[in-house]
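Values in this document were obtained by computation on a predicted structure and should not be read as measured data.
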Amino acid sequence: QVQLVESGGGLVQAGGSLRLSCAVSGSIFSINTMGWYRQTPGKQRDLVATITSAGGTNYADSVKGRFTISRDHAKNTVYLQMNNVKPEDTAVYYCYVKFVRTSRSFEFDSWGQGTQVTVSS
């Protein structure tokens, strides 16, 4: 019913750039927060960046100054511009959305399927 479709992952050399996209579709009244998380084998899923409907952003310390999150409200799409990537950025990146189904509902969370980002040295 609610789907998050990610794209833009792939192989990139250290120091290069990559742009991830996530389009949200389905029965959603409004989106409150969108973001990106990442996970590597044996590790927990960690926050990368989030952006609220008001435009407020939050970044993990490890990506500050290198990654930029943005949002297209009309398209229900969130982007992650990854610059000066490092091998440590290698992970599966997951799109995240916190939304309200109707004007009277509580908030719900949904996750994308994940897209692999591999940074070579």
Side-chain angles (χ1 to χ4, degrees):
Q1 187 172 2
V2 176
Q3 293 184 328
L4 286 70
V5 180
E6 299 150 315
S7 62
L11 177 65
V12 63
Q13 191 172 4
S17 297
L18 206 64
R19 190 188 190 217
L20 306 183
S21 299
C22 175
V24 181
S25 63
S27 182
I28 298 175
F29 178 75
S30 65
I31 295 175
N32 297 331
T33 303
M34 305 182 80
W36 293 93
Y37 289 69
R38 64 188 181 186
Q39 187 171 24
T40 56
K43 302 289 185 179
Q44 67 179 9
R45 188 173 297 183
D46 294 326
L47 179 146
V48 177
T50 59
I51 184 167
T52 69
S53 60
T57 58
N58 181 248
Y59 294 92
D61 289 340
S62 59
V63 306
K64 287 181 179 178
R66 300 188 298 117
F67 293 5
T68 302
I69 188 169
S70 61
R71 177 179 177 179
D72 187 325
H73 294 274
K75 297 180 179 180
N76 284 341
T77 300
V78 63
Y79 306 93
L80 184 68
Q81 180 65 45
M82 306 167 62
N83 295 328
N84 191 26
V85 295
K86 304 176 180 180
E88 307 91 87
D89 296 321
T90 296
V92 177
Y93 284 70
Y94 295 89
C95 182
Y96 163 84
V97 61
K98 179 180 291 184
F99 64 97
V100 176
R101 295 184 183 275
T102 71
S103 62
R104 295 175 55 82
S105 68
F106 295 104
E107 289 186 324
F108 292 88
D109 294 342
S110 188
W111 295 89
Q113 79 285 354
T115 183
Q116 177 70 47
V117 172
T118 302
V119 182
S120 63
S121 59

With hydrophobic residues grouped by side-chain heavy-atom distances under 4.5 Å, do V5 and V24 end up in a single group? no

To the nearest 0.5 Å, what is the distance between OG1 on T57 and CD1 on I69? 8.0 Å

Can you name the nearest heavy-atom pair linking F67 to V85, along with the distance? CE1-CG1, 4.3 Å

Linking I/L/V/M/F/W/Y whenever any side-chain heavy atoms sit under 4.5 Å apart, do M82 and V92 land together? no

I'd like to know if V97 and L47 are part of one continuous hydrophobic network [Ile/Leu/Val/Met/Phe/Trp/Tyr, side-chain heavy atoms within less than 4.5 Å]. no

For the residue pair Y37 and R45, establish whether any side-chain heavy-atom pair is separated by less than 4.5 Å. yes

Quick check for you: to the nearest 0.5 Å, what is the distance between S7 atom OG and R19 atom CZ? 9.0 Å

Atom of A49, atom of L80 and distance for their closest heavy-atom approach: CB-CD1, 4.3 Å

Would you check if there is a donor-acceptor pair between the side chains of D109 and Y96 at a distance under 3.5 Å? yes

Heavy-atom nearest pair, S17 first then N83, reads OG-OD1, 2.9 Å

Hey, any chance L20 and I51 share a hydrophobic cluster, counting ILVMFWY side chains that come within less than 4.5 Å of each other, even indirectly? yes

Euclidean distance, F99 CZ relative to I31 CD1, rounded to 0.5 Å: 8.5 Å

Cation-pi, Y79 ring and R71 (6.0 angstrom, 45 degrees): no

Please name the pair of heavy atoms, one in S105 and one in V100, separated by the smallest distance, quoted to 0.1 Å. OG-CG1, 2.9 Å

I'd like to know if the side chain of E107 pairs up with that of N32 as donor and acceptor (distance under 3.5 Å, no hydrogens or angles considered). yes

Which pairs of donor and acceptor atoms, one on a side chain in residues 111-121, lie under 3.5 Å apart (sequence neighbours left out)?
unit_1 : atom_1 : unit_2 : atom_2 : d
Q113   : NE2    : E6     : OE1    : 3.4
T115   : OG1    : G9     : N      : 3.4
Q116   : NE2    : A91    : O      : 3.4
Q116   : NE2    : T118   : OG1    : 3.3

Trace of the side chain to side chain contact (heavy atoms under 4.5 Å, CB included) decision for V48 with Y93: CA-CA 9 Å; V48 177; Y93 284 70; 4.1 Å; yes

Reported CG-to-OG1 distance for the pair D89 and T40, which is rounded to 0.5 angstrom: 11.0 Å

What distance do S27 atom OG and Q1 atom CD have between them, rounded to the nearest 0.5 Å? 5.0 Å

Examine distances only and state if a side-chain atom of T77 and a backbone atom of K75 form a donor-acceptor pair shorter than 3.5 Å. yes

Nearest heavy-atom contact between W36 and S21 is CH2-O, 3.6 Å

So does G65 get a backbone contact from the side chain of Y59, meaning a donor-acceptor N/O pair under 3.5 Å? no

How many angstroms lie between CZ in R66 and CD in Q81, if you round to the nearest 0.5 Å? 12.0 Å

Does NZ or CZ of R38 lie under 6.0 Å from the centre of the six-membered ring of Y94, at an angle within 45° of the ring axis? no

C95 and V78: CA distance, side-chain angles, deciding distance, side chain to side chain contact (heavy atoms under 4.5 Å, CB included) verdict: CA-CA 8 Å; C95 182; V78 63; 3.7 Å; yes

